[in-house]
Each structure stands twice: as structure tokens, then as C-alpha cells.
Amino acid sequence: MIQRLVVLIVICLIQVPFGLTVAAATDAAWAHLATGGYSILMTHAQAPGVGDPPFFDIEDCTTQRNLSDRGRQQASRRGTRFAARAVSISRIYSSRWCRTIETAENAFRNTEIVPSEALDLVEDDPEALAAKTEGAIEIIEQFRGPGNQVLMTHPQNVEALTGTLPRPGEAIIMAPSGSKDPEGPRLREVGRILLD
């Protein structure tokens, strides 16, 4: 009995500081966005299935895997989170896939969405992914505000930019690294916010 009590106390002592750290990190991320000038990497909301049909056509949403009703609700809730914090979104770039554009439309209803090939999904083609990653880096490097910009894309693209696969509903805040070293990283991660 005493051993169980000791184990429970140790678990609580470990979990409370961790929880506070996560909350503090999230608050710091929101605080950065309040100042503007950042790029927010986001992935599309829930779109059931994997990949796209073999008859996929970039111009025809009926040939693609699209958001479910739940996905549209998720996207809307994500936008509500930004609005509740009064985060200014002045620009949105999106992959040309319908599920990313629809996520952006449902989340940020009053901001123009600019389709960008640099954010398009690339599978099993390292050279094409490298080219798209370079295009996305340039979009981030060129942005200074006002407000913040959103880059709505796919998990694989975010992983190529950050080195880690994002969790569903995770927004990753990025900025140019400011490094003077031409071989150094060009971007830095400022923070992450779990929106779902």
C-alpha cells in the first residue's frame, strides 16, 4: 500500500511540471503570434483514407480525397482558436490539393488563399520534395508581416521543413533563422500549438 502511494506521488511530481512546461510553451507560442511576422505551418484537417485515387486530377476535387464533415468542423475550430486569441492572419498559401484549400477556407474565412505548388504533396520523389521544400523556405524567408502568414500543406511537407512529422492539428510557428553561416539552417522553429 505504501509503495503504491509513493509511486503515485512520484508520478504526480513528474507530470505537474511537464504539464506546466507544455502550457507555458503554448502560451509563449501564442505570444509570438501576437507580435506578427511569423509563418505558421499547418496540415489539412481530417480527410478519410490514405493517398488519392489513381485517377487523381488536381483540377477536379471529385477525384481527390476530401475533408469529411468532421474535417470541416475541425478546420472551423482551428480558425476559432486563432480568432479567440486575436491573431492576425494577413496571408495564406495553400497546397493546390482540395483538402488543404478547403481546410484554409473553413479556418480563415476572410483571408485570400493563394495556391502554391511549393506546398503540393510529393510522395516517393526526393528531388521533387527538395525543390518544393526550397520553394516553401523562400516563402517563409520573404515574409515580414504585417500579421502572420499560414502555409497549409501536408504532413510529409512539414516533416521535410522541420525534421519532424507534425501531430494532427498541430500548428508549427517558423521564422528565418537569421544565421550568417551559409551552411547553417535557414529556418528556426519558434513554437508549436496543438489546435485540435
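Within the 3.5 Å criterion, the main-chain N or O of Cys98 finds no donor-acceptor partner in the side chain of Asn66. Judged purely by atom type and a 3.5 angstrom limit, Arg96 has no side-chain atom pairing as donor or acceptor with the backbone of Pro115. At least one donor-acceptor pair closer than 3.5 Å links the side chain of Arg72 to the backbone N or O of Leu67. Side-chain N or O atoms of Asn148 include one that pairs as donor or acceptor with a backbone N or O of Ser88 at under 3.5 Å. Under a 3.5 Å cut-off, the side chain of Ser68 and the backbone N or O of Pro48 do not form any donor-acceptor pair. Between the side chain of Arg78 and the backbone N or O of Ala107 there is no donor-acceptor pair closer than 3.5 Å. At least one donor-acceptor pair under 3.5 Å links the side chain of Gln74 to the backbone N or O of Gln46.
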Note to self: Would Leu195 and Met42 count as a side-chain contact (heavy atoms from CB on, under 4.5 Å) here? Give the steps.
What the structure shows: CA-CA 10 Å; Leu195 298 169; Met42 294 176 67; 3.6 Å; yes
Next item on the list: Start with the C-alpha gap between Phe82 and Ile40, add the side-chain angles, then the distance that decides, and say whether side-chain contact (heavy atoms from CB on, under 4.5 Å) holds.
Entry: CA-CA 11 Å; Phe82 283 94; Ile40 306 163; 3.8 Å; yes
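Of all the heavy atoms in Ser179 and Gly184, the pair that sits closest is OG-CA, 4.3 Å. A pairwise comparison of heavy atoms in Arg109 and Ser76 identifies NH2-OG, 4.1 Å as the closest pair. In terms of heavy-atom proximity, Ala128 sits nearest to Val122 at CB-CG1, 3.7 Å. Heavy atoms only, all atoms of each residue included: Gly71 and Ala45 are closest at O-CB, 3.1 Å. When all heavy atoms of Pro166 and Pro155 are compared, the pair lying nearest together is CD-O, 3.7 Å.
The side-chain hydrogen bond (donor to acceptor under 3.5 Å, both in side chains) test applied to Glu141 returns Arg186, not counting sequence neighbours.
Within a 6.0 Å radius of CG in Asn110, other residues, nucleotides and ligands contribute 12 heavy atoms or fewer. The environment of CZ in Arg70 is sparse: at most 12 heavy-atom neighbours from other residues, nucleotides or ligands sit within 6.0 Å.
In this structure, Lys132 and Thr153 have side chains that are not in contact, with every pair of non-hydrogen atoms separated by 4.5 Å or more. Counting heavy atoms from C-beta on, the side chains of Thr63 and Pro53 never come closer than 4.5 Å. You'll find the side chain of Phe108 stays beyond 4.5 Å of the side chain of Ile113, heavy atoms only. Looking only at side-chain heavy atoms (C-beta outward), Asn157 and Thr133 stay at 4.5 Å or farther from each other. At least one side-chain heavy atom of Ile193 sits under 4.5 Å from a side-chain heavy atom of Leu33. Looking only at side-chain heavy atoms (C-beta outward), Arg144 and Pro176 come within less than 4.5 Å of each other. A heavy-atom distance below 4.5 Å is found between the side chains of Leu194 and Arg167. Between Ser94 and His44 there is no side-chain heavy-atom pair separated by less than 4.5 Å.
Alongside Leu187, the hydrophobic cluster contains Leu41, Tyr93, Val114, Leu119, Ile137, Ile139, Ile140, Leu151, Val158, Leu161, Ile172, Met174 (criterion: ILVMFWY side chains under 4.5 Å).
Note: Ser39 OG to Ile173 CD1 = 10.5 Å, rounded to the nearest 0.5 Å. Ser90 OG to Gln149 CD: the interatomic distance, rounded to the nearest 0.5 Å, is 7.5 Å. Taking NE2 of His154 as the reference point, atom OG1 of Thr43 lies at 9.5 Å (rounded to 0.5 Å). How far OG1 of Thr80 is from CD of Gln73: 11.5 Å, rounded to the nearest 0.5 Å. Note: Glu170 CD to Thr162 OG1 = 8.5 Å, rounded to the nearest 0.5 Å. From Glu105, atom CD reaches atom OG1 of Thr100 across 9.5 Å, with rounding to the nearest 0.5 Å.
Among pairs with a residue in residues 48-60, those fulfilling side chain to side chain donor-acceptor pair (under 3.5 Å) read Asp52-Trp97, Asp52-Arg99, Asp60-Thr62, at least two apart in sequence or across chains.
Taken together through direct or relayed side-chain contacts under 4.5 Å among Ile, Leu, Val, Met, Phe, Trp and Tyr, Ile101 and Leu121 form parts of separate hydrophobic clusters. Hydrophobic clustering of Ile, Leu, Val, Met, Phe, Trp and Tyr side chains at less than 4.5 Å, counting indirect connections, keeps Phe143 apart from Val87.
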